[in-house]
Amino acid sequence: IAFQEQKNDTDSKYSFPKNDYSFGNDDFEPIDWAAANRNAEESRKARWANAPKLTKDFYREESEVANMTMKDVNELRLSNNNITVSRLITSKDEKFDDIPNPVWKFEQCFKDYPDLLEEINKQNFTEPSPIQKQAWPILLKGEDLIGIAQTGTGKTLAFLLPALIHTDGQPKPRNGPNILVLAPTRELALQIEKEVNKYSFRGMKAVCIYGGGSRRDQINDFQKGAECIICTPGRLNDLVQAKVIDVTTITYLILDEADRMLDLGFEPQIRKILLDIRPDRQTVMTSATWPAGVRRLAESYMKDPIQVYVGSLDLTATHTVKQVIEFVEEDQKFNVVLRFLKRLMGSDKVIIFCGKRTRADDLSSELCLEGLSTQCIHGSRDQADREQAIADISSGDIQVLVATDVASRGLDIDDITHVINFDFPRNIEEYVHRVGRTGRAGRSGTSISYITRSDWGIAKDLIRILEEAGQEVPEELHRMSNRFDEMKERRGTDFKRGGRFNRRY
Ligand code: AMP
């Protein structure tokens, strides 16, 4: 202000009407932040004073789980993709010893819910996945949890089954949904809905609320009643503002793929939604990575959460997939892919990943002109077209789906035989996601990546993934990686692409 006033005297360009903008020292009253915070806390308490009683602990630990020695626990965690657990410390008194032991059988968590157990048995799973083994006891105990795990690890079921039990245990009438799942994309939201609907538990229903789909249909579905709502943040905000959805009944909140939601700029919308959800709720967050923004979100909205990190699980998909690397020039890519596609067998299904939407459109049209039945999916296509494309490849009506990374997460089609990286992804995590679109549900799969000279910055990370999965590493990839290192040294700059990778592996 002093600066502005000085400017007013000397420079007409900066002149402000003095009466409006200058604050005389006499008028200045410092804000009493302590009082403001106290008021905020009091009004928050008053707001939730009449909320229904919340029960969170539904866990009865089986004796064989409770009696495990520390050595047994460590061995079980180690043999399950090296599960690591910790408290995200928010207080000074560190508490690590109260984290529940992992389980290894479905019955150890769901024996008291035979109807749910029966639903699980229908899926013919042999055992809980690593994230489930550790997350279920934590969540059934009512703790907040951060799961560092990706799509394909069984994470949806990891948070979902405890959510159903939690909902069943709340006082009735429920007057609205108990479970809110926030997901970054429509595809993931629909995917979660599909997963929820595989388990019918005590008549509970789920509805999906996402931008792009018919607002009216979604409102109608919601108004028929649902215990679980699966939403993208924008559309949920829209319907909360329109007073169609009331989130004050939510007691179990899931922020799925939080890193992705922040990447897509949803943080303000998420924060807005959370203002209206009761603060003593149970909160689950999943994220493939652990960047500062996600950490901040966890610190603001979770209560002493337990973090479960499933070490190299991200890479399990890459173990069941044969990963082929082909070195090509940029202008050869189309002919190479065409030659490959013309040799497909009738039962083959291929997803081709492109870096940009326009490129995906172009490639898909070129392939159609060549007589190949192809569909295309990316963020600029209508929701109905995207759903149709997924339905077509799922049913086998088409064999080739061209996609951008919007399709690399959450797409769960069991019988994709090949993934082609027409353009190599921006970072190695995206590579792992894409590769994981094949080799699913116990099947084998093949990924083929076209590498051009300009992809040399990713060579080192790719070598590490290939080696970890016991795949053949072409000599040329080593040469590329060395050339890149030499160039970096010459220029004295770190040119590494996708810097997140190094922190985690
Ligand atoms: P998600 O990580 O939630 O995207 O799950 C990916 C797929 O794994 C889904 O099709 C699930 O039905 C499946 N799945 C979930 N739990 C298990 C399990 N314990 N064993 C085998 N498959 C599972």
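Index from 1, following the sequence.
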Are [X] and [Y] ion-paired here, with the side-chain N under 4.0 Å from a carboxylate O?
X: Glu64; Y: Lys105; value: yes
X: Asp362; Y: Arg359; value: no
X: Lys155; Y: Glu257; value: yes
X: Lys198; Y: Glu119; value: no
X: Asp415; Y: Lys349; value: yes
X: Asp361; Y: Arg381; value: no
X: Glu267; Y: Lys272; value: no
X: Glu118; Y: Lys122; value: no
X: Arg464; Y: Asp461; value: yes
X: Arg453; Y: Glu330; value: no

Closest approach of Val294 to Leu262 (non-hydrogen atoms, all atoms of both residues)
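For Val294 and Leu262, the tightest heavy-atom pair comes out as N-CD1, 3.4 Å.
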Do you know which two heavy atoms are closest between Asp256 and Pro184, and how far apart they sit?
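So the minimum-distance heavy-atom pair works out to O-CD, 3.3 Å.
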[X] atom [atom1], over 12 foreign heavy atoms within 6.0 Å:
X: Met345; atom1: CE; result: no
X: Glu476; atom1: CD; result: yes
X: Lys205; atom1: NZ; result: no

Donor + acceptor pair across side chains of [X], [Y] (<3.5 Å):
X: Arg87; Y: Gln307; result: no
X: Arg483; Y: Ser481; result: no
X: Gln388; Y: Gln375; result: no
X: Ser380; Y: Arg357; result: yes

Look only at the side chain of [X] and the backbone of [Y], and say whether a donor-acceptor pair between them is shorter than 3.5 Å.
X: Asp144; Y: Lys303; answer: yes
X: Ser449; Y: Ile325; answer: no
X: Thr232; Y: Gly211; answer: yes

Can you confirm if the aromatic rings of Phe353 and Phe422 lie within a centre distance of less than 6.0 Å?
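No - the distance between ring centres of Phe422 and Phe353 does not fall below the 6.0 Å cut-off.
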Worked verdict on Leu477 versus Met480 for side-chain contact (heavy atoms from CB on, under 4.5 Å)
CA-CA 5 Å; Leu477 205 57; Met480 257 185 159; 4.2 Å; yes
Sequence-distant partners of Phe110, ring pair (Phe, Tyr, Trp, His ring centres under 6.0 Å), two or more places apart:
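Once residues adjacent in sequence are excluded, the partners of Phe110 under the ring pair (Phe, Tyr, Trp, His ring centres under 6.0 Å) criterion are Trp136.
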Listed by chain and number, what are the ring pair (Phe, Tyr, Trp, His ring centres under 6.0 Å) partners of Phe159, not counting sequence neighbours?
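Phe159 satisfies ring pair (Phe, Tyr, Trp, His ring centres under 6.0 Å) with no other residue.
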